[in-house]
Amino acid sequence: MYVYNDCDQQIVNDRVAQFRDQMQRYLAGKISSDEFLPLRLQNGLYIQRHAPMLRIAIPYGMLSAKQMRMLAHVARTYDKGYGHFSTRQNMQLHWPKLEQVPDILADLASVQMHSIQTSGNCIRNTTTDQFAGVAKDEIEDPRPYCELIRQWSTFHPEFAYLPRKFKIAVNAVRSADRAATMVHDIGLHLVTNATGENGFKVFVGGGLGRTPVIGSLVREFLPKEHLLSYLEAILRVYNRYGRRDNKHKARIKILVRALTPEKFTEMVEQEWQQIKDGPSTVTTAEIERLKSFFTEPDYETLPEIDTSFEAHRTQEKVFANWVSRNVYPHKKPGYAAVTLSLKKTGIAPGDATHEQMDIMADLAERYSFGELRVSHEQNIVLADVKQSDLYPLWQDAKRYGFATPTLGLLTDMICCPGGDFCALANAKSIPIAQQIQERFNDLDYLYDIGDLDLNISGCMNACGHHHVGNIGILGVDKKGAEFYQVSLGGSSGIDASLGNILGPSFSEDAIADVIEKIVDVYVANRIEEERFIDTYRRIGIDPFKQQVYRNA
Amino acid sequence: MPNDSTQHCIIKDGIIQPDHWHLVTIPETGNYDIPPGDIIVPLKLWQEQADTLSQHPGKVGIWINSHEEPEWIADKLRQLPLIAINFPIFTDGRGYSYARLLRERYHFQGEIRAIGDVTQDQLFYMRRCGFDSFALKEGKDMETALNGLATISQSYQAAVDQPQPLFRRR
């Protein structure tokens with residue numbers, strides 16, 4: 001993974017000193033809370049319902065064991081002993097003390113971590129595939145480009161006060177999109193052109209929130225060396241023309257839609273023509289330098305299939321189940337990528353205690369070259385595990401509560417912290433997740449249902465990505481009471497689509513019944529191996545509506 | 001509205017110094033005076049009263065608001081010793097793009113001044129985008145604000161102050 005040099009370290013150290021000074025001036029009353037707001041937000045610091053919240057950046061989800069231990073340390077020392085891994089591959093502390101935040105940042109800086117631009121109206125953490133570098137059908141490892149974007153966007157002087165937040169995601173595989181790029185402000189797809197050269201297909205204006213939109217294609221092929229100047233052109237058009245009069249209409253998706261994608265593209269291309277080939281043109285030397293940080297670890301030469309692994313899989317159904325859901329194929333023979341689940345029933349999805357973080361760091365060192373990744377689905381990945389280690393790793397994972405074998409299944413939900421923690425939320429979301437997990441606790445049944453993304457957001461801001469869940473649940477406020485709106489047919493994958501609202505919303509205690517009825521309709525209508533989303537796309541929303549609202 | 005001409009000191013070229021420019025604002029109703037000496041007038045006034053202003057005994061600069069685009073004045077830059085860019089509220093970041101365009105695209109050599117809701121914590125970004133003088137919001141301590149000019153000692157991106165990105169300097 002990327003390792004800071006003196007310049008990178010200096011920038012992060014300077015930030016710690018800067019923020020310490022800003023905090024002191026704020027506490028001394030020299031800057032108002034309005035003035036302090038964007039300063040603290042650009043450091044990931046929110047003032048939440050119960051306490052401040054600090055969002056720590058995990059660039060494109062990559063963590064070393066040492067960094068994971070630091071997360072455990074800050075959760076233990078400055079918070080209540082746990083953290084929340086978010087859908088954008090970051091980690092949030094929900095109970096830090098305001099005045100201790102500079103100390104937290106200093107501790108993080110000691111392991112090359114920070115919380116720069118994890119919030120506020122600026123360019124946020126760039127995200128990518130949790131299987132980057134190990135996926136079989138990858139065109140090229142996207143991480144060097146993510147790091148290039150990270151550096152370019154860090155303290156970009158022109159784009160620190162954008163109309164609204166700005167999120168970039170990169171995908172590099174043909175068969176899937178694990179970074180939900182089509183619902184990002186900019187979605188970049190690594191592609192190969194007719195002459196065999198790799199570059200980027202560029203989508204702009206996707207997003208969730210109040211106005212969910214799938215991104216529009218603005219450029220079929222962008223040569224790599226022009227990546228930064230092209231991003232700069234997009235951001236400049238947005239910074240100049242994005243709406244600033246209404247925060248709900250300020251995202252780039254609204255601008256793209258208002259101008260039409262064609263006109264927007266024309267403006268970007270026009271701007272780009274004037275800055276293209278300037279000093280921001282990325283040099284081959286820089287691309288090579290960044291690539292040198294993402295080389296392969298010392299893989300052993302192994303047979304395609306390990307016999308001891310095969311034997312365990314045949315003998316133990318529970319292990320086989322876990323392998324079928326939580327183990328992902330690897331490009332190297334004899335290796336696998338393992339997902340440690342943070343979706344144990346009764347625990348908020350994405351939450352981990354400091355003990356668990358330390359243990360995950362140990363497991364990474366024991367089994368996966370000391371590196372971990374955070375996934376968009378709020379789990380932790382060990383990307384380079386030998387097949388022969390899968391069985392002992394599974395036993396360790398079980399012991400510490402990471403082996404919930406439900407990856408991609410209905411109970412592997414994406415869920416925001418919701419009204420229990422977040423000041424913006426209309427409704428609680430974690431108890432809803434729990435209710436559903438408890439209802440669907442029969443593993444055989446869950447396996448029979450198969451791939452199904454269920455996403456829960458506590459409000460319109462859609463941090464739980466409900467629009468792109470195969471089943472989406474949105475907390476709404478109805479005259480002071482918490483209700484839940486259900487939508488069907490969303491997908492964040494390569495076939496991205498937005499869900500359609502099923503009908504009138506439901507009270508909290510009805511949700512598990514509703515989900516069960518929806519699943520019943522799918523099971524009754526599916527053909528052979530059809531996934532939930534495929535059945536939905538074939539039969540439409542009506543049969544679901546009829547079943548759910550029949551006796552209403 | 002930006003600060004008026006009662007402010008006599010300014011941050012320029014990295015130090016606090018007396019300011020000889022008078023900022024002219026047009027009230028919504030009523031008359032306005034054009035003071036003697038060096039003046040900074042609103043773009044609209046400059047366009048409408050070109051003839052009168054050409055007779056002004058003193059230098060004439062202009063100020064643009066955040067919806068007024070640098071392209072509108074691109075062909076007249078040589079007449080201007082100073083362009084002030086107003087930040088009606090600090091969260092309105094259009095002025096950063098304008099300053100870069102004035103410097104990098106239109107090669108404006110005169111002074112670019114930040115006026116309006118300007119405080120210490122914006123100065124670093126403003127300086128990088130090509131601003132060279134800063135009229136701080138009223139009531140802000142200029143001495144302390146100087147710390148804001150170079151708060152981060154290294155920069156990754158190309159900008160006006162450092163036209164080479166860090167990767168070309170590593």
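Computed over heavy atoms, backbone and side chain alike; hydrogens, waters and symmetry mates excluded. These figures come from a predicted structure and were not determined experimentally.
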So CD of A:Gln151 and CG of B:Leu166: to nearest 0.5 Å the spacing works out to 7.0 Å
Rounded to the nearest 0.5 Å, the CD1 atom of B:Ile152 sits from the CG atom of A:Asp14 at a distance of 5.0 Å
Item to complete: Take A:Tyr161 and B:Ile89, measure what side chain to side chain contact (heavy atoms under 4.5 Å, CB included) needs, and give me the verdict at the end.
Response: CA-CA 11 Å; A:Tyr161 294 94; B:Ile89 181 162; over 6 Å; no
Interatomic distance, OG@B:Ser153 vs CD1@A:Ile11, rounded to 0.5 Å, equals 7.5 Å
> Would a 4.5 Å heavy-atom cut-off, applied to side chains only, mark A:Ile275 and B:Arg100 as touching?
Replying inline: no
Quiz item: Can any side-chain N or O of A:Asn121 pair as donor or acceptor with the backbone N or O of B:Thr91 at less than 3.5 Å?
Solution: no
Is it the case that atom CG in A:Asn246 sees more than 12 heavy atoms from other parts of the structure closer than 6.0 Å?
yes
Highest number of heavy-atom pairs under 4.5 Å with chain B among A:Lys30, A:Glu158, A:Glu286, A:Gln18 belongs to A:Glu158
What I'd like to find out is whether the side chain of A:His156 reaches to under 4.5 Å of the side chain of B:Arg128, using heavy atoms alone. no
Counting heavy-atom pairs under 4.5 angstrom with chain A, the leader among B:Val160, B:Thr144, B:Asp92 is B:Asp92
Looking at B:Arg169, I'd like to know if its CZ atom is crowded, meaning that more than 12 non-hydrogen atoms belonging to other residues, nucleotides or ligands lie closer than 6.0 Å. yes
Correct closest heavy-atom pair for B:Phe167 and A:Pro279 would be CZ-O, 4.0 Å
- CA sep, side-chain torsions, deciding dist, call: B:Lys140, A:Glu35, side chain to side chain contact (heavy atoms under 4.5 Å, CB included): CA-CA 12 Å; B:Lys140 294 293 173 186; A:Glu35 288 168 333; 2.8 Å; yes
| After noting the C-alpha distance and the side-chain angles of B:Thr151 and A:Gln22, does the key distance pass the side chain to side chain contact (heavy atoms under 4.5 Å, CB included) rule? | CA-CA 11 Å; B:Thr151 180; A:Gln22 289 168 342; over 6 Å; no
Quiz prompt | Test side chain to side chain donor-acceptor pair (under 3.5 Å) applied to B:Glu69 and A:Tyr241, step by step | solution = CA-CA 11 Å; B:Glu69 312 197 55; A:Tyr241 303 108; 2.5 Å; yes
* Considering only heavy atoms from C-beta outward, does the side chain of A:Arg244 approach that of B:Arg94 to under 4.5 Å? -> yes
Okay, B:Arg127 and chain A: the region with an atom under 4.5 Å from a heavy atom over there is neither
Turns out that what part of B:Ser97 lies under 4.5 Å from chain A's heavy atoms comes down to both
Counting heavy-atom pairs under 4.5 angstrom with chain B, the leader among A:Leu39, A:Leu37, A:Asp34 is A:Leu39
CZ (A:Arg240) and OG (B:Ser66) are apart, to the nearest 0.5 Å, by 11.5 Å
Taken to the nearest 0.5 Å, the spacing of B:Tyr125 OH from A:Cys122 SG works out to 7.5 Å
Cut-off 4.5 Å, heavy atoms of chain B, and the answer for A:Leu228 is side chain
Worksheet item: Taking the six-membered ring where the residue is Trp, are the ring centres of B:Tyr156 and A:Phe155 under 6.0 Å apart?
Response: no
Start with the C-alpha gap between B:Asp141 and A:Arg25, add the side-chain angles, then the distance that decides, and say whether salt bridge (Lys or Arg N to Asp or Glu O under 4.0 Å) holds. CA-CA 12 Å; B:Asp141 180 31; A:Arg25 281 186 283 137; over 6 Å; no
Looking only at A:Val282, A:Thr281, A:Leu235, most heavy-atom pairs under 4.5 Å shared with chain B are made by A:Thr281
CD (B:Gln164) and OG (A:Ser280) are apart, to the nearest 0.5 Å, by 9.0 Å
Give the C-alpha distance, both sets of side-chain angles, the deciding distance and a yes or no for side chain to side chain contact (heavy atoms under 4.5 Å, CB included) between A:Glu271 and B:Arg105.
-> CA-CA 11 Å; A:Glu271 177 59 39; B:Arg105 185 155 309 161; 2.6 Å; yes
Ranked by heavy-atom pairs below 4.5 Å to chain A, first place among B:Tyr98, B:Tyr96, B:Phe124 goes to B:Tyr96
Open item on the list: Quick one: does any side-chain atom of B:Gln157 pair with a main-chain N or O of A:Thr154 as donor and acceptor, under 3.5 Å?
Closed with: yes
inquiry  = Can you tell me if A:Lys291 has over 12 outside heavy atoms packed within less than 6.0 Å of its NZ?
reply    = yes
Per-residue tally against chain A (heavy atom, under 4.5 Å) across B:Glu104, B:Gln154, B:Met126 peaks at B:Gln154
